[in-house]
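Please read these numbers as outputs of a predicted model, since none were measured by experiment. We name chains A, B, ... by the order of the sequence lines, and we start the count at 1 in each one. Quick note: numbers below take in every heavy atom, side chains included, and nothing from hydrogens, waters or symmetry partners.
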Number of protein chains: 2
Amino acid sequence: MKIGELARETGLAPSRIRYYESLGLIGAVERRLNGYRSYPRETAQLLRIITGTQRAGFSLDEIRSLLPQKSGAGWDRPKLLTGLKQKLADLAALQASLAATQADLEFLIARIESSPPDGDCFDNAQAVLDDVSQRQPAISNA
Amino acid sequence: MKIGELARETGLAPSRIRYYESLGLIGAVERRLNGYRSYPRETAQLLRIITGTQRAGFSLDEIRSLLPQKSGAGWDRPKLLTGLKQKLADLAALQASLAATQADLEFLIARIESSPPDGDCFDNAQAVLDDVSQRQPAISNA
DNA sequence: CCTAAGGTTAAAGTGAACTTGAAGGTCAAG
DNA sequence: CTTGACCTTCAAGTTCACTTTAACCTTAGG
């Protein structure tokens, strides 16, 4: 699989894929005789995992630390497990924070929908904002 | 409340708070006679909402479009509601994607923990990676 | 053979989100 | 009345995550 095909399959720009490789996120890529990169099928999944983890709030540096290098000398299993479990905890925290944000949004929407249909001016806006502000901490901030 | 106190309370740098103001995220801030900014108590909550929404994957530009400007001429209620509901949908999608990532991680951890304690070398790593790659799409990519 | 589409590298450019620096004003304590 | 902590503005600097550009090579098709 050439880089263009992989790009089409994942929706990522070829430049982005090469960039990830340059950061060590993809490991060593096989080359054809002409110098073209040749990817195994799994790379698409790997890229999806990378972008997904990214959207979950992890930096590319953090992601690299999680991904085992195919080309590496070997794994440090305990270290890897610790890292993975840490990320799992992070993920849970992020999800909680997301849920809180979602609750905030839902509350805000309900408040607006149930407010008097005629009075849509400044005071109303202020009241809604105040209501939202009054709610519990909701979001745990790093 | 002066900017330093607000900074301490929220854990944000004063420069960051001024930056948000410059982007129109905080609206008009009251000033004392000496020119110092003076914040009402709610601002801390507002900042927490901003950072939380940010962590949920929204840009400051998007966040501004969601936040009503206290100083603005008025609200466009239908437009606001549409925007909020769109964000809610986005949030749900992001949560689903997070859950999938979490499932991936849990699967990976289980796989590593149950693998032969002696064979912790390259082949093992490759097998784990392949297993993970084989799982369902898991992450919906933008 | 020529062309168009796609591949290669290295280096420079971009946009978002901040931070830092310079140069200065304010204020309470000693 | 000076010192230190805090405030002000504005411009410039930084980091991250890419993209774009330039110069060049490869391959398939008419």
Choosing from dC6(D), dT27(D), dA17(D), which nucleotide comes nearest the side chain of Asn34(A)?
dT27(D)
Rounded to the nearest angstrom, tell me the gap between atom CD1 in Ile17(B) and atom C1' in dT8(D).
15 Å
Counting just side-chain N and O atoms, does Arg37(B) come under 4.0 Å of either OP1 or OP2 of dC7(D)?
no
Does dC18(D) have OP1 or OP2 under 4.0 Å away from a side-chain N or O of Tyr20(A)?
yes
Is there a side-chain contact (heavy atoms from CB on, under 4.5 Å) between Leu25(A) and Tyr19(A)? Walk through the geometry before answering.
CA-CA 9 Å; Leu25(A) 284 168; Tyr19(A) 175 62; over 6 Å; no
Rounded to whole Å, please give me the gap between CG in Leu33(A) and P in dC25(D).
18 Å
Please confirm whether the backbone N or O of Glu42(A) pairs with a side-chain atom of Gln45(A), one donor and one acceptor, at under 3.5 Å?
no
For atom CD of Gln54(B) and atom C1' of dA16(C), their distance in whole Å:
10 Å
Which listed nucleotide (dG25(C), dT19(D), dG6(C)) is nearest to the side chain of Ala13(A)?
dT19(D)
Let's see if you can work this out: which of dT19(D), dA17(D), dT19(C) has an atom nearest to the side-chain heavy atoms of Ser15(B)?
dT19(C)
Compare all side-chain heavy atoms of Met1(A) with those of Thr43(A) and state whether any distance is below 4.5 angstrom.
no
Distance in angstrom units between Phe58(B) CZ and dA16(C) P, rounded
17 Å
Specify the separation, in whole Å, of atom CD of Glu62(B) and atom P of dG15(C).
17 Å
From the options dC18(D), dA17(C), dC7(D), select the nucleotide whose nearest atom is closest to the side chain of Lys2(B).
dC7(D)
Contact between Tyr39(B) and Arg37(B) at the side-chain level, heavy atoms closer than 4.5 Å - yes or no?
yes
Would you classify Leu23(B) as touching base, sugar-phosphate or nothing, given that sugar-phosphate means primed atoms plus P, OP1 and OP2, and contacts are heavy atoms under 4.0 Å?
nothing
How long is the line joining CD of Glu21(B) and P of dC18(C), in whole Å?
15 Å
When you measure from the side-chain N and O atoms of Arg31(B) to the phosphate of dT9(D), is any distance below 4.0 Å, counting only OP1 and OP2?
yes
Could you tell me whether Arg32(B) contacts a base, only the sugar-phosphate backbone, or nothing, with contacts defined as non-hydrogen atoms closer than 4.0 Å?
nothing
Separation of atom OH in Tyr39(B) from atom P in dC6(D), rounded to whole Å:
16 Å
Quick check: are there more than 12 heavy atoms from other residues, nucleotides or ligands sitting under 6.0 Å from CZ of Arg32(A)?
yes
Of dG6(C), dT19(D), dT8(D), the nucleotide closest to the side chain of Arg16(A) is dT19(D)
Against the side chain of Ser59(B), the closest entry in dT8(D), dG6(C), dA17(C) is dA17(C)
Tyr19(A) has its side chain closest, among dT8(C), dT8(D), dA17(D), to dA17(D)
How many Å lie between CD1 on Ile3(A) and C1' on dC18(D), as a whole number?
14 Å
